[in-house]
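As the structure is a prediction and not an experimental result, all values here were calculated from the model. Chain letters run A, B, ... following the sequence lines, proteins first, then strands; residues in each count from 1. Heavy atoms only: backbone and side chains are in, while hydrogens, waters and symmetry mates are out.
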Amino acid sequence: MFGSLRSYFSNDLAIDLGTANTLIYVRGKGIVLDEPSVVAIRTEGGPNAKKTILAVGMSAKQMLGKTPGNITAIRPMKDGVIADFTVTEQMLKQFIKKVHDTRLFSPSPRIIICVPCGSTQVERRAIRESALGAGASNVYLIEEPMAAAIGAGMPVADATGSMVVDIGGGTTEVGVISLGGMVYAGSIRVGGDKFDEAIVNYIRRNYGMLIGETTAESIKKGIGSAFPGSEVQEMEVKGRNLAEGIPRAFTISSNEILEALTEPLNQIVSAVKIALEQTPPELGADIAERGMVLTGGGALLRDLDRLLMEETGLPVIVADDPLTCVVRGSGMALEKMDQLGSIFTSE
Amino acid sequence: MTDSQAVPSSAPTSSQDTSVGDTLRRTREAQGLSISEVANALKLNARQIEALESGRFAQLPGLAFTRGFLRNYARLLKIDAAPLLAGLQAPDAGEPMELAPASNAHGDMPQVGRGRFRRSVIPGVLAALVLFGIVVAGWYYDTLRKKPAEELALPAPDAQQGVAEGEPASVQPPPAEPAPKAAEAPAAPAPAPAAPAAAGVPVPLSPTVTESAPVNPAAPAAEAGRDRLVFQFAQDAWVEVKDKSGKVVFSRLGKAGSEETFDISAPVSLVIGNARNVKLQRNGTLVDIPTPGKVTVGRLKLD
């Protein structure tokens with residue numbers, strides 16, 4: 001009865017609070033915000049010294065690694081969970097303020113928020129608390145593989161096994177879903193960030209050059225691949241030469257990046273294999289027929305599906321628009337949250 | 001997303017679907033690939049490849065998977081997948097997705113443990129409530145009876161004054177209480193200038209006689225140690241005066257703008273509500289009423 005009244009004042013939100021990007025879905029409107037999870041904080045001096053939030057999202061991300069002493073650009077999420085509670089809360093508050101156009105009342109929406117299935121109770125409570133602190137009236141948690149599967153359009157409610165591999169910025173989540181619930185859930189703390197780190201380390205080791213994480217990310221997006229392909233791409237990269245201490249340019253090829261990414265990719269492959277081992281045989285048969293679905297930004301790494309296909313011998317498909325799968329799935333759950341209980345998770 | 005939902009897009013006769021399949025087959029044949037080679041590369045069944053090429057999408061697991069298979073197939077053949085996918089229904093455009101498993105029954109399972117728990121707990125809870133009620137009622141009546149009459153009289157001094165004052169008046173013959181009565185019955189006869197000769201006689205107090213007359217014999221003796229208190233009320237305020245034994249000498253509400261005079265025998269303790277708006281004179285000299293902080297009730301002792 002009060003539902004319609006409440007929705008008049010506050011829109012319910014689904015949030016994918018990711019390590020790399022935060023996406024917000026508003027009930028009835030769709031995805032309204034897609035910004036990097038970065039906050040820039042300025043420390044002011046002078047008579048009224050205080051810390052102010054300089055920027056959030058895209059403009060804060062551009063400051064990463066380029067800040068002067070009085071500005072810090074922070075990524076408050078690490079490995080899929082909150083690393084800096086206060087900053088996360090402020091970031092969420094800013095994002096919610098951005099998407100809420102009701103000015104008369106301060107927004108107090110009901111929020112569905114995604115958590116990695118491997119997160120601990122403490123980490124889940126931290127996410128819940130920060131959403132409450134950001135102004136939510138109620139917070140419901142949903143596990144990321146479940147949201148990803150819904151968003152990818154998989155038949156989660158059927159009595160068939162659906163396997164989803166969500167490769168995010170901080171974590172890779174593997175889930176097997178049947179009858180609206182998780183049959184198997186696995187999570188490893190390997191994701192896009194680990195790829196970047198691996199590229200930075202590889203270049204330092206083999207070229208004696210130091211590059212920033214933003215450069216590493218652009219290399220990964222540009223020429224990164226997970227499986228030896230037919231064509232070899234090259235890219236010019238600038239970094240600081242460790243021996244000379246002087247910035248230099250050099251060229252790196254996609255085969256080298258493939259080599260650099262071997263270790264994190266192997267971890268993902270073994271996580272998928274473990275999941276297949278643990279899956280009950282009836283569901284395994286369904287997965288062999290349909291294959292597994294890749295979602296998340298990591299799915300955009302070139303030929304990652306080929307790698308998994310060759311390693312497992314199963315069909316692997318990349319979901320439509322893999323970056324937004326999780327938030328779209330949470331959004332669908334949001335639309336039906338009043339009728340659903342089983343797909344949400346407790347602490 | 002279930003098979004039934006995939007049916008609309010999978011009618012094999014639809015020209016669009018057959019054209020998608022045709023494109024794939026022709027490209028495959030042009031590249032000299034066999035169905036089994038494609039199936040091996042995509043890790044699919046030959047049956048599934050044939051279904052893709054002939055547009056029998058109903059035999060495939062569902063729209064999301066069909067789109068993925070098509071995309072993989074197109075990439076293998078090195079052709080653009082977008083026009084092929086355009087022929088298919090977008091995954092979001094279909095019917096709203098089912099998120100809860102199908103159900104054709106309702107009801108809760110009987111919970112054995114909980115039922116027994118309830119049966120054993122409810123009487124206990126009821127007994128505890130009754131016990132609590134009895135205790136509260138007993139305490140209430142107890143405090144009500146113990147409460148001294150004068151305290152009850154406090155809130156409405158005018159009305160109950162007579163009752164409350166009756167006893168102290170009879171015990172202490174020289175009371176200044178007549179004042180309240182006098183205020184109520186200003187028409188009291190016979191001015192009595194005699195008793196309060198010590199200080200200037202304020203007007204409203206003059207009718208002190210009514211009761212001081214009968215006790216007059218005792219009056220002169222007491223007169224020596226008595227003080228005259230004059231209260232001037234800027235606003236409504238109540239005043240309570242107790243003697244050294246803690247008995248209430250008088251207690252009343254002064255109306256705004258009025259002035260009251262009482263004779264008391266020191267030492268007494270005074271409690272004055274709304275004290276900032278009351279001026280107190282003792283034998284003609286102004287007495288300061290202390291009101292600590294925000295408290296508006298002033299308490300002081302006169303020796």
Side-chain angles (χ1 to χ4, degrees), chain A residues 30 142 146-147 149-162 164 177-181 230 286-295 302-303 305-306 308-322 324-325 328-329 331-333 335-337 339-344, chain B residues 1-7 9 31 38-49 51-52 57-78 81-82 84-86 88-106 108:
Chain A
I142 184 170
M146 176 59 89
I150 297 170
M154 298 168 83
V156 290
D158 290 5
T160 54
S162 308
V164 64
I177 292 157
S178 175
L179 289 171
S230 45
D286 291 333
I287 294 166
E289 168 87 9
R290 299 147 177 263
M292 66 192 87
V293 176
L294 299 186
T295 65
R302 200 154 53 94
D303 287 339
D305 52 338
R306 292 257 332 258
L308 286 169
M309 232 190 276
E310 296 302 327
E311 289 282 347
T312 61
L314 298 176
V316 177
I317 62 176
V318 177
D320 286 301
D321 201 1
T324 61
C325 269
R328 276 188 288 128
M332 285 185 213
E335 306 279 358
K336 298 189 173 185
M337 70 195 271
Q339 296 109 54
L340 293 172
S342 63
I343 60 166
F344 295 109
Chain B
M1 284 320 110
T2 58
D3 286 351
S4 64
Q5 284 167 350
V7 167
S9 65
Q31 296 184 4
V38 171
N40 193 34
L42 298 183
K43 315 291 174 199
L44 291 171
N45 271 337
R47 170 179 54 82
Q48 288 171 308
I49 302 292
L52 273 178
F57 296 140
Q59 294 177 4
L60 294 169
L63 201 52
F65 293 97
T66 309
R67 289 171 67 86
F69 293 162
L70 268 181
R71 213 182 286 123
N72 285 355
Y73 197 174
R75 194 179 51 182
L76 180 74
L77 300 175
K78 298 188 179 66
L84 301 178
L85 291 174
L88 278 176
Q89 194 187 0
D92 293 340
E95 293 164 46
M97 208 172 129
E98 207 50 58
L99 297 184
S103 142
N104 62 356
H106 292 283
D108 294 323

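- In this structure, no portion of A/Ala159 lies under 4.5 Å from any heavy atom of chain B.
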Before giving the answer on side-chain contact (heavy atoms from CB on, under 4.5 Å), spell out for A/Met154 and A/Ile177 the whole-Å C-alpha distance, their side-chain angles and the decisive distance to 0.1 Å. CA-CA 9 Å; A/Met154 298 168 83; A/Ile177 292 157; over 6 Å; no
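- In terms of the salt bridge (Lys or Arg N to Asp or Glu O under 4.0 Å) criterion, A/Arg306 has no residue partners (sequence neighbours excluded).
- Within the model, atoms CZ of B/Phe65 and CG of B/Leu60 stand 11.0 Å from one another, a figure rounded to the nearest 0.5 Å.
- Only the side chain of A/Asp305 has a heavy atom closer than 4.5 Å to any heavy atom of chain B.
- Both the backbone and the side chain of A/Glu310 come within less than 4.5 Å of a heavy atom of chain B.
- For a residue to count as touching a neighbouring chain, one of its non-hydrogen atoms must lie under 4.5 Å from one of that chain's; by this rule A/Leu314 touches chain B with the backbone only.
- Taking B/Asn45 as the reference, nothing meets the side-chain hydrogen bond (donor to acceptor under 3.5 Å, both in side chains) condition, with sequence neighbours excluded.
- Atom-to-atom distance recorded for A/Asp303:CG and A/Met309:CE is 9.0 Å, nearest 0.5 angstrom.
- When each of A/Ala288, A/Gly291, A/Gly313, A/Ser162 is scored by its heavy-atom pairs under 4.5 Å with chain B, the top score falls to A/Gly313.
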